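Everything below concerns the one structure shown next.
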Amino acid sequence: MKRIYIEEVSQYKNEKVEIRGWVYNKRSSGKVRFLLVRDGTGIIQATIFSPEKDHPLFQLFDNLTQESAVIVRGQVKEDPRAPGGYEIAVNDLETVHIAQNYPITPKEHSVPFLMEHRHLWLRSRKQHAILQIRWEIIRAIRDFFDGLGFRLIDAPILTPSACEGTTTLFETEYFDQKAYLSQSGQLYMEAAAMAFGKVYCFGPTFRAEKSKTRRHLIEFWMVEPEVAFATLEDIILLAEDLILFILERVLTKRRAELEILERDPGPLEKIAKPFIRLTYEQTVKKLQQMGSKMLYGDDFGAPEETLLSQLYDQPVCITHFPAQIKAFYMQPDENNPEVVLGVDVMAPEGYGEIIGGGQRIHDLSLLEKRIEEFNLPREAYEWYLDLRRYGSVPHAGFGLGLERTVAWICKLKHIREAIPFPRLLYRIYP
RNA sequence: UCCGCGGUAGCUCAAUUGGCAGAGCGGGUGGCUGUUAACCACUAGGUUGCAGGUUCGAGUCCUGCCCGCGGAGCCA
């Protein structure tokens, strides 16, 4: 008898197989018992028939509780009445472990309760589907960059100094010094790009922001490509291709999961190059016409992001921001030094910014000046300035927030479901 | 951090003006030969978040605290 996984069941029609898993749910109707078994790859209905009321399999079945671990052996049958179209006619049932009072029942639960049981919630159908899609997106991102000849260069997580202001950094002890958890691998990727040409890093980042919204996590994953000799225009094209590659992959390989999530694939299928392009100035004018009170020089707030996503069903690339609202390393536009060559890509359907990036300053004296203007500790940036001393070239890159991308593609109400174990302002358990 | 809302059975919620703390689900027992969050009957299950106060009487009103949820700012 062959031990198989539920996702392979259609290849074993009428064969006898063994499935190892957990009880998802059970039902009974007199002389027929139905056991829904999940094994991590899917859920299948196992059936037991007998005219004998005290059949030994019935006794085993009756003792099983939700999430008990079982080994089921029997024949695969195609049956339209079974969820998924296939079921197992059981002739042997082995109990591995009886679960006692599993807390997540097939009924409704509140968000706080489910978050408290996140370690178990992962077993539920929708959470499982979301994390399958997350995995597919991660693979797509790696395949995309590897396929283009990018080198994966890992950025450090413990960093020696505040790169973009200390208020949002997690501080920790580093023997007799202080260290900070990384907010971004970008500066290290700039060094790597000068060594390898085109690079990316993909890892967790940490922001000690006391933000409490559906779009924020304290710990989140970001993929950050950086390309030597690239301009703003080059990386906008790269960002478009990346997003389309991810969408194509999920739409072809994770249809079933999108269906479990009741996510209409229509809006995702419509997305195509080129994305909408607007300068910051054009965007502000448009928003003001729509009734927003924001002024030139303000950053976009949540209401503005919502307004924008109502206007377009394509991602929107906003460029040419006023220098003062962006980071110190942003390259000024040569036609208008008041604005910088940065880009934010806003996902449609109200999901807001999923990408932030741009062209970096490559001129040593300009970068020194900016470090001074932003009141940053010059010593901490000596290594970064070195990149402008030894073969400096124009270069650009961006960061894509993984969880925001997952939330958009899965159309989640809250980003906390886009990561297995979310770290939030008021939650670090489990 | 600020603004708003909430905490009652394992879970989801109800409880009229301050007047006997209840239902569904889940658990247990029994029934049903194709169930789809199955269904039917019976059954057990409570320090009403914590501390204090008002009152003949507090789940309900007041004060403080704890915990969480929604939103804002900031950001990916």
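Only this structure's heavy atoms are used, side chains among them; waters, hydrogens and symmetry mates stay out. In this text, all values refer to a predicted model and were calculated from it rather than measured experimentally.
- Sorted by residue number, the members of residues 418-430 of chain A with any non-hydrogen atom under 4.0 Å from RNA chain B read A:Leu425, A:Tyr426, A:Arg427.
- If you check every strand for non-hydrogen atoms under 4.0 Å, A:Glu87 touches a base.
- Residue A:Leu402 is classed as having no contact, given no heavy-atom separation below 4.0 Å to the nucleic acid.
- If you take CZ of A:Arg27 and P of B:rC39, they are 10 Å apart, rounded to a whole angstrom.
- For A:Phe113, taking side-chain heavy atoms from C-beta onward, the closest of the listed nucleotides B:rU33, B:rU12, B:rC75 is B:rU12.
- With hydrogens and angles left out, the side-chain atoms of A:Glu15 and A:Gln75 include no donor and acceptor closer than 3.5 Å.
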Please encode protein proximity along nucleotides 23-32 of chain B as a string of B, S and -, counting only heavy-atom distances under 4.0 Å. --SSS---SB
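- Looking at the side chain of A:Thr213, the nearest of the listed nucleotides B:rC75, B:rA72, B:rG34 is B:rA72.
- If you check every strand for non-hydrogen atoms under 4.0 Å, A:His414 touches sugar and phosphate atoms only.
- No donor-acceptor contact under 3.5 angstrom links the side chains of A:Arg81 and A:Gln45, judged on distance only.
- The aromatic ring centroids of A:Phe328 and A:Tyr381 lie less than 6.0 Å from each other.
- With hydrogens and angles left out, the side-chain atoms of A:Gln359 and A:Gln331 include no donor and acceptor closer than 3.5 Å.
- Between A:His109 and A:Phe113, the ring planes lie parallel to each other; the angle is under 30°, not in the 30° to 60° tilted range.
- Using a cut-off of 4.0 Å between Lys/Arg side-chain N and Asp/Glu carboxylate O, A:Glu136 and A:Arg139 are scored as salt-bridged.
- Among the heavy atoms of the strands lying under 4.0 Å from A:Glu305 is at least one base atom, whether or not backbone atoms are also near.
- Salt bridge A:Glu305/A:Arg215: present, at least one basic N to carboxylate O contact under 4.0 Å.
- A:Gly301 comes within 4.0 angstrom of the backbone, heavy atoms only, and of no base.
- As judged by a 4.0 angstrom heavy-atom cut-off over every strand, A:Pro112 is placed among residues touching the sugar-phosphate backbone only.
- Between the side chains of A:Gln66 and A:Tyr24, not a single donor N or O lies within less than 3.5 Å of an accepting N or O.
- Of all nucleotides listed (B:rG73, B:rU35, B:rA76), B:rU35 comes nearest to the side chain of A:Arg81.
- A donor N or O paired with an acceptor N or O is found under 3.5 Å between the base of B:rC75 and the side-chain atoms of A:His216.
- Stem list for RNA chain B (at least 3 consecutive Watson-Crick or G-U pairs, distances under 3.5 Å): B:1-7 with B:66-72, B:10-13 with B:22-25, B:27-31 with B:39-43, B:49-53 with B:61-65.
- Of the residues near RNA chain B, A:Ala82 and A:Glu353, the one whose nearest nucleotide (by heavy atom distance) lies more toward the 5' end is A:Ala82.
- Relative ring orientation between A:Phe300 and A:Tyr280 is described as tilted, the plane-to-plane angle lying within the 30° to 60° band.
- Nearest to the side-chain atoms of A:Arg207 among the listed nucleotides B:rC75, B:rC69, B:rC11 stands B:rC75.
- Take the nearest nucleotide of RNA chain B for A:Gln45 and for A:Leu217: the residue whose nucleotide is more 5' is A:Gln45.
- At least one side-chain nitrogen or oxygen of A:Arg416 sits closer than 4.0 Å to the OP1 or OP2 atom of B:rG70.
- Side-chain rings of A:Trp121 and A:Phe421 stay apart, their centers remaining 6.0 Å or farther from each other.
- A side-chain N or O of A:Glu190 and one of A:His395 form a donor-acceptor pair less than 3.5 Å apart.
- Within 4.0 Å of A:Glu116, counting heavy atoms only, lies no atom of the nucleic acid at all.
- Across the C1' atoms, B:rU16 and B:rC20 are found 15 Å apart, a figure rounded to whole Å.
- Taking the side chain of A:Met222 as heavy atoms from C-beta on, and the options B:rA76, B:rU35, B:rU1, the nearest nucleotide is B:rA76.
- Candidate nucleotides B:rC75, B:rG70, B:rG34 were compared by shortest atom distance to the side chain of A:Asp299, and B:rC75 ranks first.
- Here the nucleotide nearest the side chain of A:Ser211, chosen from B:rA76, B:rU35, B:rC74, is B:rC74.
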